[in-house]
Amino acid sequence: MASGVALIAWGNVKGDKSLMKAGHRKFMSGYKYVLQSVGSLKRHPAHKSIPLSSLSLEDEYNVALQHAVEGVVVLRNLGIDVTQQTSSGHNFHSAVTWWGSVAASKPASFKGYRSWGHNFHLGWIPIYVGAFPSQPSAKQLKSLARRVSGGKSPAFRAISLGGSTACLW
């Protein structure tokens with residue numbers, strides 16, 4: 001899904017519709033996984049050989065949701081809204097709301113709370129809240145971000161776009 005988001009963004013910058021189309025296909029495959037895993041975490045088929053000791057289902061979902069949030073916002077900025085597409089009865093916002101509740105219930109040692117790692121963190125929160133501030137889960141996510149970051153600003157320094165990019169969103 002990460003490569004799909006990158007291809008969509010790069011294809012748009014280059015004006016290359018074929019790159020954007022290829023990126024959209026890759027993105028949607030991972031997006032479907034995110035929606036289908038709500039309430040019942042499972043391994044993405046592309047990661048079936050990765051042992052749980054190396055990548056837990058929670059960490060995998062957190063990473064996938066991160067890329068889903070980035071992709072949804074990039075696509076939305078291009079005039080393509082995929083937020084209401086459903087799979088297994090869930091859409092984008094229900095997936096974010098569910099995972100936000102799960103993440104908020106985790107102890108302080110949860111890997112997803114790391115704010116300096118490249119993937120295992122909640123750096124998708126500022127992107128989501130910036131793009132969808134009126135969603136019911138936005139308030140809970142802001143609170144979680146403050147708790148995880150200890151109120152530091154910027155709260156997240158390593159979302160997959162790299163560096164301190166929360167201000168872009």
Side-chain angles (χ1 to χ4, degrees), residues 1-38 41-50 54-55 57-100 103 111-112 114-135 137-138 141 145 153-169:
M1 194 163 32
S3 62
V5 175
L7 286 172
I8 292 166
W10 186 243
N12 181 58
V13 168
K14 288 188 64 171
D16 186 333
K17 298 231 186 264
S18 66
L19 278 180
M20 291 175 67
K21 193 173 188 175
H24 190 260
R25 268 193 313 274
K26 283 183 166 213
F27 172 77
M28 292 309 292
S29 171
Y31 188 65
K32 185 176 178 181
Y33 159 79
V34 167
L35 301 183
Q36 290 176 342
S37 296
V38 172
L41 294 177
K42 49 185 118 350
R43 179 70 81 212
H44 187 281
H47 299 152
K48 66 183 176 189
S49 64
I50 300 173
S54 297
L55 180 66
L57 295 177
E58 290 175 328
D59 291 335
E60 179 176 16
Y61 190 79
N62 190 55
V63 171
L65 184 62
Q66 165 189 302
H67 297 305
V69 170
E70 292 169 347
V72 163
V73 173
V74 168
L75 288 169
R76 183 173 175 237
N77 289 342
L78 296 172
I80 302 166
D81 183 4
V82 297
T83 60
Q84 296 308 311
Q85 289 186 354
T86 61
S87 188
S88 300
H90 298 285
N91 68 21
F92 174 67
H93 296 297
S94 65
V96 168
T97 299
W98 171 72
W99 188 246
K111 284 183 182 179
R114 284 193 228 152
S115 61
W116 283 87
H118 179 67
N119 278 321
F120 299 103
H121 50 74
L122 301 174
W124 54 266
I125 291 175
I127 299 170
Y128 182 83
V129 170
F132 304 102
S134 62
Q135 282 297 313
S137 60
L141 292 171
S153 183
F156 299 97
R157 300 177 79 69
I159 59 174
S160 69
L161 297 174
S164 179
T165 57
C167 61
L168 295 176
W169 304 97

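If you're wondering where the values come from, they're calculated on a predicted model, not measured in any experiment.
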Exercise for review: Answer yes or no: is there a donor N or O on one side and an acceptor on the other, between the side chain of Ser94 and the main chain of Asn91, under 3.5 Å?
Suggested key: yes

Review point. Under 3.5 Å, is there a donor-acceptor pair linking the side chains of Gln36 and Ser88?
Key: no

Exercise for review: Taking the side chain as every heavy atom from C-beta outward, state whether Val38 and Trp99 have any pair of such atoms under 4.5 Å apart.
Suggested key: no

Point to revise | Arg76 side chain to Ala131 backbone, donor-acceptor under 3.5 Å | key: yes

Point to revise | Beyond-backbone contact of Met28 with His24, side-chain heavy atoms, under 4.5 angstrom | key: yes

Exercise for review: Indicate the atoms forming the closest heavy-atom contact of Ala138 with Pro133, along with that distance.
Suggested key: CB-O, 3.4 Å

Exercise for review: Kindly compute the distance separating CG (Leu122) from CD1 (Ile127), expressed to the nearest 0.5 Å.
Suggested key: 11.5 Å

Point to revise | Least distance between heavy atoms, Ile8 atom then Gly23 atom | key: CG1-C, 3.6 Å

Review point. From Leu7 CG over to Asn12 CG, what is the distance, rounded to the nearest 0.5 angstrom?
Key: 12.5 Å

Check your understanding: Side chains of Tyr128 and Ser137: does their closest heavy-atom pair fall under 4.5 Å?
Key -> yes

Study note, to complete from the structure: dist Arg25:CZ -> Met20:CE (nearest 0.5 Å) comes out at 12.5 Å

Check your understanding: Any idea how His44 and His47 line up, ring-wise: parallel (<30°), tilted (30 to 60°), or perpendicular (>60°)?
Key -> tilted

Review point. Looking only at heavy atoms, what is the nearest atom pair of Leu35 and Gln85, with distance?
Key: CD1-O, 3.6 Å

Check your understanding: Does one side chain, of Trp10 or Asp16, offer a donor that lies under 3.5 Å from an acceptor on the other?
Key -> no

Exercise for review: Report the C-alpha separation of Val73 and Phe132 in whole Å, then their side-chain angles, then the decisive distance to 0.1 Å, and conclude whether the side chain to side chain contact (heavy atoms under 4.5 Å, CB included) test is met.
Suggested key: CA-CA 9 Å; Val73 173; Phe132 304 102; 4.2 Å; yes

Review point. Is the distance between the ring centroids of Tyr61 and Trp98 under 6.0 Å?
Key: yes

Check your understanding: Hey, does His67 have a side-chain heavy atom less than 4.5 Å from the side chain of Val63?
Key -> yes

Review point. Do Leu41 and Glu58 have side chains that get closer than 4.5 Å, going by heavy atoms?
Key: yes

Point to revise | Minimum heavy-atom distance Ser37-Lys42, with the two atoms named | key: OG-CG, 3.6 Å

Review point. Heavy-atom distance under 4.5 Å between the side chains of Arg43 and Glu60, does that happen here?
Key: yes

Point to revise | Non-hydrogen side-chain atoms of Thr83 and His93 separated by less than 4.5 Å | key: yes

**Study point:** Phe92 side chain reached by Asp81 side chain, heavy atoms, under 4.5 Å
**Key:** no

Study note, to complete from the structure: Heavy-atom closest pair (Gly11 atom, Leu19 atom, distance to 0.1 Å) is CA-CB, 3.7 Å

Practice item. Return the minimal non-hydrogen interatomic distance between Val96 and Leu141, and the atom names on each side. Key: CG1-CD1, 3.7 Å

